[in-house]
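Below is one structure, written out as structure tokens; comments come after it.
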Amino acid sequence: MTITQLKYVLAVAEHKNFTLAAEKCFVTQPTLSMQIQKIEEELGILIFDRSKKPIELTEIGQKIVTQSKSVVNEAGRIQDIVDQQRGFIGGEFRLGIIPTVMPTLLPMFLKNFINKYPKVDLIIEELTTTELIFKLKNGHLDAAIAATPLEDEKIKEVVLYYEPFVAYIPENHENFDKKEIEISDLNMDEILLLQDGHCFRDGIVNLCKNKKIIADKFNFHIESGSFETLIKLADEGLGTTLLPYLHTLDLKEKDKIKLRHFKDPKPARAVGLIYPKNELKIHIIEALQSVISGVVRGAIAFQDVQIISPIAKK
């Protein structure tokens, strides 16, 4: 059996369909089916139960898929070893980034990184934390940037920076005249949040829950998918909102006067680089870590922060 054949097995196991798996592997369906059949004949077993719709793994097939993932990953290490020995940093690298980090962080480091490492073919996707974890575990991403800690035993985490929360308070609000605010000043009945599924939202809920401001059941009146919408709703007198610090740097001056920082210790989220524990392409991961940490370090002047982690990995 070959590494290519094992990759075909993994594709069918993931997509539960021979035609779709063939498309993802850029081969014809008959070619993929024939190669998988060769493995089954060589081993004298059936990996897939083709009578089921969608296709299912047999009992022995499940064990073979688990082992195949390890074999394919370890095979990838050979090129990594050669690249590191040569000091070569290049090739395709697939990076996922959560939506509340992508718009602000990517412009800060991308040009710097591609100028410094022009031989890296960086492929970037914007995904939720749940999607990032799934793709990392299934080999569709090499690394990702997300709010941490995630506490997943199959994933390693390296903190890139700590980003404070900043309150956005419209002029007609009772807290507008305060130079700084405290967590106890927040009223969850009026805080505008991102839609369910964003880890930044989970961090805010956790922030307030830790301070016993809200009960176990929440009643959020308005939820949006973007910070820009939340800001506009706040300006209309519909409430207040919280923003990640880097997002506030690009606000217009008329909006910056509505920002209120928290008193020390400032609540913050840890933004980290996450990747599978097999550490494939670790030389590129370390290069990313160095570049991102370097460009962000100067942008965030806060030192005394209190880390608030997301409750749910959505």
Problem set entry | Contacts of type ring-ring contact (aromatic ring centres under 6.0 Å, His included), residue His173, not counting sequence neighbours | none
Exercise. Is atom CD of Glu59 surrounded by more than 12 heavy atoms (other residues, nucleotides or ligands) closer than 6.0 Å?
Worked result: no
For this session: Mind checking salt bridge (Lys or Arg N to Asp or Glu O under 4.0 Å) for Lys16 and listing every partner two or more places apart, or none if nothing turns up?
Result: none
Exercise. How long is the gap from CG on Asp152 to OG1 on Thr129, to the nearest 0.5 Å?
Worked result: 12.0 Å
Exercise. Does Val27 offer a backbone N or O that forms a donor-acceptor pair with the side chain of Thr31 under 3.5 Å?
Worked result: no
For this session: Output yes when Glu180 and Lys263 qualify as a salt bridge under the 4.0 Å nitrogen-oxygen rule, no when they do not.
Result: no
For this session: Take Gln29 and Ser33 through the side chain to side chain donor-acceptor pair (under 3.5 Å) test and state the conclusion after the steps.
Result: CA-CA 6 Å; Gln29 190 269 326; Ser33 297; 2.6 Å; yes
For this session: Report the residue from Gln37, Glu42, Gln35 that forms a side chain to side chain donor-acceptor pair (under 3.5 Å) with Gln5.
Result: Gln35
For this session: Give the C-alpha distance, both sets of side-chain angles, the deciding distance and a yes or no for side chain to side chain donor-acceptor pair (under 3.5 Å) between Arg269 and Thr100.
Result: CA-CA 11 Å; Arg269 64 174 176 175; Thr100 60; 2.9 Å; yes
For this session: Answer yes or no: is there a donor N or O on one side and an acceptor on the other, between the side chain of Glu163 and the main chain of Leu246, under 3.5 Å?
Result: yes
For this session: Would you give the length of the straight line joining atom CG of Leu273 to atom CG of Leu95, rounded to the nearest 0.5 angstrom?
Result: 7.0 Å
Exercise. Salt bridge or not for Glu125 and Lys135, using N-O below 4.0 Å?
Worked result: yes
Exercise. Side chains of Tyr275 and Lys281: closer than 4.5 Å at any heavy-atom pair?
Worked result: no
Seminar exercise, completed: Exactly one candidate in Leu132, Thr128, Leu127 meets side-chain contact (heavy atoms from CB on, under 4.5 Å) with Ile98; the answer is Leu132
For this session: For Lys256, look at atom NZ and say whether over 12 heavy atoms of other residues, nucleotides or ligands are found less than 6.0 Å away.
Result: yes
For this session: Fit a plane to each ring of Tyr117 and Phe113, take the angle between them on a 0 to 90° scale, and name the class: parallel (under 30°), tilted (30 to 60°) or perpendicular (over 60°).
Result: tilted
For this session: Determine whether more than 12 heavy atoms belonging to other residues, nucleotides or ligands lie under 6.0 Å from atom NZ of Lys111.
Result: no
For this session: Could you label the plane-to-plane angle of the Phe227 and His247 rings as parallel, tilted or perpendicular, counting under 30° as parallel and over 60° as perpendicular?
Result: tilted
Exercise. Hey, are the side chains of Leu110 and Ile124 touching, using non-hydrogen atoms and a 4.5 Å cut-off?
Worked result: yes
Exercise. When you look at NZ of Lys7, are more than 12 heavy atoms from neighbouring residues, nucleotides or ligands closer to it than 6.0 Å?
Worked result: no
For this session: Check the pair Lys232, Asp235 against salt bridge (charged side-chain N to carboxylate O under 4.0 Å, His left out), reporting the backbone distance first and the verdict last.
Result: CA-CA 5 Å; Lys232 290 179 180 179; Asp235 285 337; over 6 Å; no
Exercise. Charged N to carboxylate O under 4.0 angstrom, Arg50 versus Glu40?
Worked result: yes
Exercise. Hey, are the side chains of Ile274 and Leu150 touching, using non-hydrogen atoms and a 4.5 Å cut-off?
Worked result: yes
